[in-house]
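Below you'll find the structure, written out as structure tokens, and then a few comments.
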Amino acid sequence: MAACTDILKFLDDYLDAPSIDDYCPNGLQVEGRKEIRKIVTGVTACQLLIDRAAELGADALLVHHGIFWKGDDMRLVSMKRRRVGALISSDMSLIAYHLPLDMHPKIGNNACLAAAIGMVPDDGAVLHGRVIAPVGNLREPCSLDALAARIYDVLGYKPRLERGGCDTITRVGLCSGAGQEFLAEAAQKGADAFITGEVSEQTVHEARELGINFLAAGHHATETLGVKALGELLAREFGVEAININIDNWA
């Protein structure tokens with residue numbers, strides 16, 4: 001058991017969350033029990049994840065995508081009302097970290113994915129003054145198809161490919177989620193391929209014209225690793241039970 005306040009302080013410090021400019025509140029979004037024995041982790045605080053966590057008797061739900069975002073309708077109506085109502089009725093805290101979890105150099109979504117595919121980051125594209133989209137060499141160069149197979153093995157998601165560059169992949173750039181905006185910068189830094197979650201219409205043309213291979217491996221899928229690693233870290237640090245639940249999402 002651990003005090004929720006102690007866990008929140010640890011997370012804020014470890015992720016350096018207060019120093020990161022984000023478009024959502026990071027940390028505690030809905031207050032629940034003061035003590036935490038069991039914590040469930042997942043990518044998005046959707047209704048299905050909230051209900052599964054409640055069924056397991058979780059004291060807290062830790063996610064990458066919370067419920068509240070800048071620019072959203074702040075009224076607790078419809079879907080948002082049901083989600084918040086389920087959390088309150090279960091006396092379960094909702095804790096969310098967005099950009100701080102993308103950017104962390106050890107357990108961030110990008111760091112975890114880079115390590116899993118055998119990439120060694122050496123520099124990166126900068127967002128909010130932090131490295132968020134690393135670029136680096138693969139420990140073992142491979143074909144584009146082999147790289148796609150590695151991603152499938154790690155994430156369980158078959159990436160969509162645009163063969164815009166060379167056949168042998170030595171250098172890779174990546175950014176989880178909606179990181180297609182970093183494609184051109186990755187090409188400038190010599191990447192043979194760029195991996196992200198989503199693909200926009202113009203991205204395909206850009207990959208062809210920039211001469212770089214592009215892999216879209218799913219917004220959800222590319223952001224499954226960081227929050228799971230963060231839950232495992234809390235289990236080690238505080239002795240709480242951490243259960244990761246992956247609510248499948250093809251996007």
Side-chain angles (χ1 to χ4, degrees), residues 15 20-24 26 43-44 63-66 69-70 96-138 144 147-148 150-152 154-165 169 171-230 249-251:
L15 298 173
I20 297 172
D21 183 20
D22 209 339
Y23 41 94
C24 62
N26 286 299
V43 176
T44 299
V63 298
H64 181 50
H65 300 138
W69 300 88
K70 292 178 182 177
Y97 288 93
H98 185 234
L99 287 182
L101 188 55
D102 285 319
M103 298 158 69
H104 195 273
K106 291 183 178 179
I107 55 86
N109 288 318
N110 293 318
C112 288
L113 181 55
I117 66 170
M119 170 188 160
V120 182
D122 59 6
D123 55 19
V126 175
L127 182 67
H128 296 301
R130 305 296 180 91
V131 173
I132 190 172
V135 180
N137 292 336
L138 294 174
L144 182 61
L147 179 59
R150 287 187 198 178
I151 293 170
Y152 180 79
V154 170
L155 302 179
Y157 187 104
K158 184 178 180 180
R160 299 183 66 178
L161 306 180
E162 177 56 40
R163 299 177 186 275
I169 310 301
R171 190 163 173 79
V172 174
L174 67 84
C175 184
S176 66
Q180 57 266 51
E181 66 185 278
F182 295 111
L183 174 65
E185 189 164 0
Q188 290 172 0
K189 295 189 176 184
D192 305 308
F194 183 74
I195 304 164
T196 189
E198 296 183 10
V199 57
S200 301
E201 189 274 344
Q202 70 271 16
T203 309
V204 175
H205 298 295
E206 291 171 357
R208 292 169 181 167
E209 295 175 31
L210 291 168
I212 184 172
N213 298 294
F214 179 81
L215 302 94
H219 190 135
H220 173 91
T222 57
E223 296 188 332
T224 55
L225 302 180
V227 73
K228 183 175 185 290
L230 192 58
N249 186 324
W250 54 264

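All figures in this text were calculated on a predicted structure; none of them were measured in a lab. Because only heavy atoms are used, hydrogens play no part in the values below, and waters and symmetry mates are left out as well, while side chains stay in.
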- What one should report as the nearest heavy-atom pair of Asp22 and Lys70 is O-NZ, 2.8 Å

- Task: Mind telling me whether Tyr23 and Trp69 have parallel, tilted or perpendicular rings, with 30° and 60° as the class edges?
- Result: tilted

- When every non-hydrogen atom of Val204 is compared with those of Val199, the smallest separation belongs to CG2-CG2, 4.1 Å

- Query: What do the steps show when you test Arg160 against Leu215 for side chain to side chain contact (heavy atoms under 4.5 Å, CB included), and what is the final call?
  - Reply: CA-CA 6 Å; Arg160 299 183 66 178; Leu215 302 94; over 6 Å; no

- Task: Could you tell me whether a side-chain N or O of Thr196 sits under 3.5 Å from a main-chain N or O of Gly179, the two making a donor and an acceptor?
- Result: yes

- Query: What is the minimum heavy-atom distance between Pro121 and Pro134, and which atoms define it?
  - Reply: CB-CB, 3.7 Å

- Query: Looking only at heavy atoms, which two atoms of Leu155 and Ala221 are closest? And how far apart?
  - Reply: CD2-O, 3.3 Å

- Message: Is a donor from one side chain sitting under 3.5 angstrom from an acceptor on the other, for Ser176 and Asp102?
- Response: yes

- Query: Can any side-chain N or O of Asn110 pair as donor or acceptor with the backbone N or O of Ala133 at less than 3.5 Å?
  - Reply: no

- Message: Tell me whether His64 contacts the main-chain N or O of Ala96 through its side chain, where contact means a donor paired with an acceptor under 3.5 Å.
- Response: no

- Could you grab the distance from atom CZ of Arg208 to atom CZ of Phe214, nearest 0.5 Å is fine? 12.0 Å

- Keeping the roles fixed (side chain from Tyr157, backbone from Trp250), state whether a donor-acceptor pair exists under 3.5 Å. yes

- Query: Under 4.5 Å between any side-chain heavy atoms of Leu138 and Val172, yes or no?
  - Reply: yes

- Separation of Leu161 CG from Asn213 CG (nearest 0.5 Å): 8.0 Å

- Query: If we ignore angles and hydrogens, is there a donor and acceptor under 3.5 Å between the side chains of Gln180 and Thr203?
  - Reply: no

- Message: Whether Asp122 and Arg171 form a salt bridge (side-chain N of Lys/Arg under 4.0 Å from carboxylate O of Asp/Glu) is what I want to check.
- Response: yes

- So Leu230 and Leu101, side chain to side chain contact (heavy atoms under 4.5 Å, CB included) or not? Walk me through it. CA-CA 9 Å; Leu230 192 58; Leu101 188 55; 4.1 Å; yes

- Atom CE of Met119 and atom CG of Leu174: how far apart are they, to the nearest 0.5 Å? 4.5 Å

- Item | Between Glu223 and His219: side-chain donor-acceptor atoms closer than 3.5 Å | yes

- Task: Output the distance between atom CD (Glu185) and atom CZ (Phe194), rounded to the nearest 0.5 Å.
- Result: 9.0 Å

- Value for CD (Glu162) from CD (Glu206), rounded to nearest 0.5 Å, stands at 11.5 Å

- Determine whether Leu147 and Ile195 make a side-chain contact, defined as any pair of heavy atoms from C-beta on separated by less than 4.5 Å. yes

- Is any side-chain heavy atom of Leu183 less than 4.5 Å from a side-chain heavy atom of Ile212? yes

- Message: Under the criterion side chain to side chain contact (heavy atoms under 4.5 Å, CB included), I'd like the reasoning laid out for Ile151 against Ile117: C-alpha separation, chi angles, the key distance, then a yes or no.
- Response: CA-CA 7 Å; Ile151 293 170; Ile117 66 170; 4.2 Å; yes

- Stepwise side chain to side chain contact (heavy atoms under 4.5 Å, CB included) check, Ile132 with Phe182: CA-CA 10 Å; Ile132 190 172; Phe182 295 111; 3.7 Å; yes

- Check Leu210 against Ala187 and note the closest heavy-atom contact, atom names and distance. CB-CB, 4.2 Å

- Task: Looking only at non-hydrogen atoms, find the nearest pair between Gly173 and Ala186 and report the distance.
- Result: CA-CB, 4.4 Å

- Message: Working to the nearest 0.5 angstrom, can you tell me the gap between Leu225 CG and Ile107 CD1?
- Response: 11.0 Å

